[in-house]
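First comes the structure, then the notes that go with it.
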Number of protein chains: 2
Amino acid sequence: MEAALRLFARHGFAAVSMRQIAAEVGVQAGALYNYIPDKQSLLFDLMRGHMEALLAARAERPKGGSALARLEDFTRFHIRYHLARPDAVFVSYMELRSLSPENFAVVEGLRRQYEDELESILRAGEAEGSLSAADPRIAAMAVIAMLTGVTTWYRAAGRLTVDQVEGIYWDMVRKSVSV
Amino acid sequence: MEAALRLFARHGFAAVSMRQIAAEVGVQAGALYNYIPDKQSLLFDLMRGHMEALLAARAERPKGGSALARLEDFTRFHIRYHLARPDAVFVSYMELRSLSPENFAVVEGLRRQYEDELESILRAGEAEGSLSAADPRIAAMAVIAMLTGVTTWYRAAGRLTVDQVEGIYWDMVRKSVSV
DNA sequence: GTCTATATAGGGATAGAC
DNA sequence: GTCTATCCCTATATAGAC
């Protein structure tokens with residue numbers, strides 16, 4: 001699974017062969033079929049696993065507090081979690097179109113759950129009077145797109161630590177939905 | 001070219017065969033080689049063409065005015081331009097890894113030029129005292145990610161017009177880099 | 001400029017020996 | 001549980017007729 005994830009992230013699902021994955025772990029291609037029924041299932045398991053782990057990790061975060069506090073927690077959590085597993089993020093985002101329709105629907109449903117939490121935080125902030133988003137649904141999509149984008153340029157060897165990146169993005173997110 | 005772009009956007013470069021592209025326009029696969037030397041060149045021409053057209057369209061926009069006015073123009077331009085050609089945007093973003101190293105370097109250079117303009121607008125705003133970005137380079141990447149994300153959810157048949165979307169995003173962008 | 005036919009390579013998946 | 005060998009299919013790209 002790890003080898004497949006790495007190769008899919010680097011070259012794309014369709015461009016990676018079962019033979020390449022097998023070679024990466026030192027077996028012949030046929031041996032992989034003792035663990036997975038087919039290549040599509042392999043991709044689906046990786047993507048569903050990533051989304052379920054994301055939701056599970058998110059569910060462990062505090063749910064109380066002000067909308068502003070919850071928004072900050074969401075922002076910092078998202079950046080930390082995504083920067084820690086760039087391959088899974090990349091594959092889960094780029095290979096949606098490689099999923100069969102039924103598998104796509106499942107992964108899309110999980111993604112939707114994640115987006116919904118942010119939307120509800122923004123709505124709560126609006127009700128509180130502490131936040132202001134012209135359209136909470138779109139603001140949620142905009143914030144997630146902005147935050148996820150960090151995975152495209154961040155390098156651990158670069159000039160910024162994850163903490164610093166969190167701070168910069170939190171500053172922008174906070175202002176973008178401020179009253 | 002149009003058929004290839006559409007198919008690449010839908011299924012991915014590696015997943016689309018020359019036979020599929022040929023069938024889409026009603027010829028046999030071999031006939032395509034009268035127009036392109038190979039499949040890689042086809043992808044490269046599409047991506048370079050998109051980035052060069054983007055830069056050319058951007059170069060025609062007004063360059064003077066306050067940083068705030070230039071930021072608003074950049075924001076609205078980006079959304080309008082990208083929503084008008086979702087397939088080209090999608091392919092140019094998702095298929096970077098399908099390019100040969102030399103072709104990747106060219107496309108990446110063009111993309112960098114586009115990002116640089118936004119970064120320089122933010123720096124000008126900082127100098128003017130009208131904008132405030134903790135880190136102009138990262139703020140530029142964050143804003144572009146946020147804006148480009150609109151292509152993943154926008155549907156012309158949905159509840160919002162492009163004008164309304166522009167307004168919502170401009171409001172968020174403006175606030176996110178406000179003093 | 002397009003066709004048919006093909007060269008050459010590699011794909012996913014399975015069978016059966018060990 | 002892995003191997004070798006293979007089935008069957010499809011891929012990119014080219015050759016040569018028309």
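Chain identifiers are assigned alphabetically (A, B, ...) following the order of the sequence lines, protein sequences preceding nucleic acid strands; residue numbering begins at 1 within each chain. These numbers come from a predicted model, not from an experiment.
- DNA chain C lies under 4.0 Å from no heavy atom of any residue of residues 40-50 of chain A.
- Salt bridge status for A:Arg159 with B:Asp135: present, with a side-chain N to carboxylate O gap under 4.0 Å.
- To the nearest angstrom, P of C:dG16 lies 18 Å from OH of A:Tyr33.
- By the 6.0 Å and 45° rule, B:Lys39 stacks over the aromatic ring of B:Phe13.
- Under a cutoff of 6.0 Å and an axis angle of 45°, A:Arg58 and A:Phe77 form a cation-pi pair.
- Separation of the A:His78 and A:Tyr114 ring centroids falls under the 6.0 Å cut-off.
- Listed by chain and number, the residues in a side chain to side chain donor-acceptor pair (under 3.5 Å) with A:Ser41 are A:Asp38 (sequence neighbours excluded).
- Around CZ of A:Arg61, the count of heavy atoms belonging to other residues, nucleotides or ligands within 6.0 Å exceeds 12.
- Under the 6.0 Å distance and 45° angle rule, B:Arg85 counts as a cation-pi partner of B:Tyr81.
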Look for any protein N or O under 3.5 Å of an N or O in nucleotides 4-10 of chain C and output each such pair with its distance, or none.
none

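- One atom, CD1 of B:Ile36, and another, P of C:dG1, lie 15 Å apart when rounded to the nearest Å.
- Residues from residues 5-16 of chain A with heavy atoms under 4.0 angstrom of DNA chain D: there are none.
- In this structure, A:Tyr35 stands alone, with no Ile, Leu, Val, Met, Phe, Trp or Tyr side-chain heavy atom under 4.5 Å from its own, directly or through other members.
- Side chain of B:Val27, nearest nucleotide from C:dT14, C:dC3, C:dG1: C:dC3.
- Residues satisfying the side chain to side chain donor-acceptor pair (under 3.5 Å) test with B:Glu24, not counting sequence neighbours, are B:Arg6.
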